[in-house]
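Structure record follows, encoded as structure tokens.
The basis for the numbers below is simple: all heavy atoms, side chains too, and nothing from hydrogens, waters or symmetry mates.
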Amino acid sequence: MSKDKVYIFDTTLRDGAQTQGVDFNVQDKFKIAEILSNLGVDYIEGGWPGSNPVDTEFFSKPPRLKSSIFTAFG
């Protein structure tokens, strides 16, 4: 068996927020990021800082994640 690792980069907090009928608030983003981190996702993209008030607030106090690296769209 190979020892190569597959890295997971999740874009739910940006791409998922673009889904019709979905409107994450800051608290939603924190909860989702925590759940993804607990699942072992390697990278969590938080959105696009400065693109809207929710993302601006979310990035002003980024989540502290157990095992994931928090990233921005760009």
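Rounding to the nearest 0.5 Å places CZ of Phe73 at 5.5 Å from CH2 of Trp48.
Counting Ile, Leu, Val, Met, Phe, Trp and Tyr side chains that sit under 4.5 Å apart, directly or through other members, Leu39 shares a hydrophobic cluster with Ile35. Phe24 belongs to a hydrophobic cluster whose remaining members, ordered by chain and number, are Ile8, Leu13, Val22, Val26, Phe30, Ile32, Leu36, Val41, Ile44, Val54, Phe58, Phe59, Leu65, Phe70; membership requires side-chain heavy atoms of ILVMFWY residues under 4.5 Å apart, directly or through intermediates.
The side chain to side chain donor-acceptor pair (under 3.5 Å) analysis of residues 13-23, with sequence neighbours excluded, yields the pairs Thr11-Asp15, Arg14-Glu45. Pairs of residues two or more places apart, or lying in two chains, that qualify as side chain to side chain donor-acceptor pair (under 3.5 Å) and include a residue from residues 61-73 are Ser37-Ser68.
Listed by chain and number, the residues in a salt bridge (charged side-chain N to carboxylate O under 4.0 Å, His left out) with Asp55 are Lys29 (sequence neighbours excluded). With sequence neighbours left out, Asp28 forms a salt bridge (charged side-chain N to carboxylate O under 4.0 Å, His left out) with no residue at all.
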